[in-house]
There are 2 protein chains.
Amino acid sequence: MVSTARPNHHEDPDNSTGKGGIPASPRGGRPRSGEGKRRPTIVDVARAAGVSTAVVSYALNGRRGVAEVTRERVLRVADELGWRPATAARSLRAGPGAAALVAVHDGAAGSRAASTLDLVTAASEVLDDAGVTLAVHTAGTVEQAAHLMRRWWAERRYAGFVVTGLRSDDARLAALRHLPAPAVMVGDPSVPAPPAWRSVVFDDATAFAQVGEFLADLGHRRVAMLTGAEGLLATRRRATALAGALSKAGIDFDAVTGDGVDRAAAAVGSLLSSGSHPTAVVTDDDVTAGVVLDVARRLEIAVPWQLSVVAGTDAAACRLTTPSLTAVPYPVERLGQAVGQALLGVLRADGAPNEKAPPSVTVAAGGLVVRGSTAPPDPR
Amino acid sequence: MVSTARPNHHEDPDNSTGKGGIPASPRGGRPRSGEGKRRPTIVDVARAAGVSTAVVSYALNGRRGVAEVTRERVLRVADELGWRPATAARSLRAGPGAAALVAVHDGAAGSRAASTLDLVTAASEVLDDAGVTLAVHTAGTVEQAAHLMRRWWAERRYAGFVVTGLRSDDARLAALRHLPAPAVMVGDPSVPAPPAWRSVVFDDATAFAQVGEFLADLGHRRVAMLTGAEGLLATRRRATALAGALSKAGIDFDAVTGDGVDRAAAAVGSLLSSGSHPTAVVTDDDVTAGVVLDVARRLEIAVPWQLSVVAGTDAAACRLTTPSLTAVPYPVERLGQAVGQALLGVLRADGAPNEKAPPSVTVAAGGLVVRGSTAPPDPR
DNA sequence: TTGAAAGCGATACCAA
DNA sequence: TTGGTATCGCTTTCAA
């Protein structure tokens, strides 16, 4: 009875897959290119370790109920054979073990691309340890992003999604809500969240209020903000916070939209050309702040004496301009880690609503980094 | 023997999976969170369309041997039910239908992030039509990237890989060669390619030679290039091409490495501070060119009269600096499309070496975009 | 042109 | 603690 134990339905004593031989092309589905080596399966590992496949699976997944010696032997054998569980097979039973971030990559968002990858890098570190992978994809518009997520959810390709750069009236929210898919919203606190969602809030509102106080303390009376893409909730939130702090000090505030570098340049141009231009300009990101510096230079407006500039997002480039840019710190790494943790939370929340994890985590921006682009206004 | 064929060992006549009801929680693997709606499977579609699952599969995949009416009905029903084939199940038989690009994302590569996503966006358009998806992941070093690809290959997660930013002695090459996995190499012609690889070559060598001629024609006699990360084959190739063209005209050439914005700034600083500094500087990317402009301004070196600057990679920012930057075009979109096509080629090359597809495609850079940062040198 | 059913490679239940 | 095996949802022979 011991030797009959193999589940080989076609009477085939000692010949089919055994033998140690390497069948050029296993009977079933053609292995995609790369031919040659047949990759080992759990059966190979089980046989080599002299146990059943169940034990291999248990050992691999660190479940209890496997003798320590057995576990070690199995893991060693698996390692020797270079075996890793096939994602497809695993997903088929247990559901997908990956999540996706679909970056809305319209031309204007160029500078955000780098930080998206930084965010993912940080998140992946957290996720790796839990065996979850996070993939990045791109879409031209929020609608396309929503479409992709819908499709991939239907295909059971991903177990959840990460959403960044929320817009007002964002198509992705509706899509995710209807699927309904676990999701992590990055950046905004104002989104009503179903239990399957978590959000990682970047507290730039506080930081922008600080910017307002900072500029007020310096003595500025006319401040403008050059905001990013129209619908972005983040830019609106920042503008509101800034406006609030300034109005409290009785300071004149103006917001101008400059979506994408070209339009930003145009907007700054007309803003600074006017007779009584503001004495301080706050931008959303580092690239736009660079544009402001350049336009000011062209108009012969001296920074920081005639014009103070604050970059809304700090980056390496902010240190290298002349003058270097005062900026709001952007803690991508901490944000990414928080995203990773939140994602693990939603993915594990297997329909267990009693989960104690907070639906929202806030990452503080930290204090303004003051550099050379800000000063008291020229008292002319 | 015919009726016994079903491997249902527990006698279970007419009760197991049939019945049409929608079990709240199918007996098998717990469906990951999101509970509620059970997503339809091919069986549901087959039943609703009154055909077998085989027909549904054939219809979906556009194989011949299905009556046109049947095909249409099946597709309509599938659409009504919102059915999409589960990736896991499909992959299990047919192999993975996705490929990955692992971006090596060291701090210095910040500016390349945007173009990586642009590349992927363009490639995805081509791939989508063929039902292939391309995912982006990040890794801190080439070794980590190699590690990830090895693992994902063992897990049958991806059918192939896209490799960008090749380095000399690149760990990824060795890893991929040993797997052996289908791959598309972006950017370099010098890599010996196994049959399962294709390469998309960006012909910046020709473009950089043109830059050399252009500067020679303007009358420059001392030219320097600020190269990117040490090991990058692309930057080396560019430097070589530039050096070649310049030496042909008997012009002095010097290459300085400035990996990352900070070191780039330092390198430019010492380069321009020397008594007899070059009259023209060529950089690898747009960001570094911006740094050159800034350093020059600080040292009161007038661009373009006392110093000409050429950006090795054109980008939106090059138009907005003062002066605007003369640059080598970077046709990301065409590169991405080529990558998509090449990827389809390697993935389809199911161990069929008689495939007629060229192992390498070259994308031309196009003519130098001359803007305001270049001029004849000051004849002082 | 269609249907029946054998896998693909894991996980997880139930018995031993 | 371990083994046997049904099951996940497709694709793909092989017969009808």
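Letters A, B, ... mirror the listed sequences (proteins, then strands); counts begin at 1.
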Between C1' on dC10(D) and CG on Leu81(B), what's the gap in Å once rounded to a whole number? 16 Å

In whole angstrom, what separates Asn61(B)'s CG from dG9(D)'s C1'? 13 Å

Starting at atom CZ of Arg47(A), determine the distance to atom C1' of dG3(D), rounded to an integer number of angstrom. 15 Å

Should Thr41(B) be listed as having a side-chain N or O under 4.0 Å from OP1 or OP2 of dG9(D)? no

For Trp83(A) and dG9(C), is the shortest distance between a side-chain N/O and OP1 or OP2 below 4.0 Å? no

Taking the minimum atom-to-atom distance to the side chain of Tyr58(A), which one of dT2(C), dT11(D), dA12(C) wins? dA12(C)

Are Asp44(B) and Arg38(B) close enough for a salt bridge, meaning some N to O gap below 4.0 Å? yes

What's the closest nucleotide to the Leu92(B) side chain, out of dC8(C), dG3(C), dA10(C)? dC8(C)

For the pair Thr87(B) (side chain) and Glu155(A) (backbone), establish whether a donor and an acceptor sit closer than 3.5 Å, ignoring hydrogens and angles. yes

Which nucleotide wins on minimum distance to the side chain of Arg93(A), given the candidates dC10(D), dA10(C), dG3(C)? dA10(C)

How do Thr53(A) and Val66(A) order along DNA chain D: which one's closest nucleotide is nearer the 5' end? Val66(A)

Asp44(A) CG to dC8(C) C1': how many Å, rounded? 14 Å

Just checking Val56(A): base, sugar-phosphate only, or nothing, at a heavy-atom cut-off of under 4.0 Å? nothing

Mind checking whether Trp152(A) and Tyr158(A) have parallel, tilted or perpendicular rings, split at 30° and 60°? perpendicular

Find the distance Leu60(A):CG to dG9(C):P and express it as a whole number of Å. 16 Å

Within the side chain of Arg39(B), is there an N or O that forms a donor-acceptor pair under 3.5 Å with the backbone of Trp153(A)? yes

Thinking salt bridges, do Glu72(B) and Arg76(B) make one under a 4.0 Å N-O criterion? no

Nearest whole angstrom, please: distance from the P of dC8(D) to the CZ of Arg156(A). 11 Å

Applying ring pair (Phe, Tyr, Trp, His ring centres under 6.0 Å), name anything that partners Phe161(B), two or more places apart in sequence or on another chain. none

Please give, in whole Å, the distance from dC8(D) P to Arg38(B) CZ? 9 Å

Would you mind telling me which of dG9(C), dG3(C), dA10(C) lies closest to the side-chain atoms of Ala54(B)? dG3(C)

Check: Asp79(A) side chain, Leu75(A) main-chain N or O, donor-acceptor pair, under 3.5 Å: no

By nearest atom, which of the nucleotides dG3(C), dA12(C), dG9(C) is closest to the Val55(B) side chain? dG3(C)

Using Watson-Crick and G-U wobble pairs with both distances under 3.5 Å, what is the 5'-to-3' dot-bracket string of DNA chain D, with [ ] for crossing pairs and | for pairs outside the strand? ||||||||||||||||

So what does Ser57(B) touch, heavy atoms closer than 4.0 Å: a base, only the sugar-phosphate, or nothing? base

Categorize Arg63(B) for me: base, sugar-phosphate, or nothing, with a 4.0 angstrom heavy-atom threshold over every strand shown. sugar-phosphate

Polar side chain donor-acceptor pair, Arg157(A) to Thr133(B), under 3.5 angstrom: yes

Just N and O in the side chain of Thr70(A): are any of them under 4.0 Å from OP1 or OP2 of dT2(D)? yes

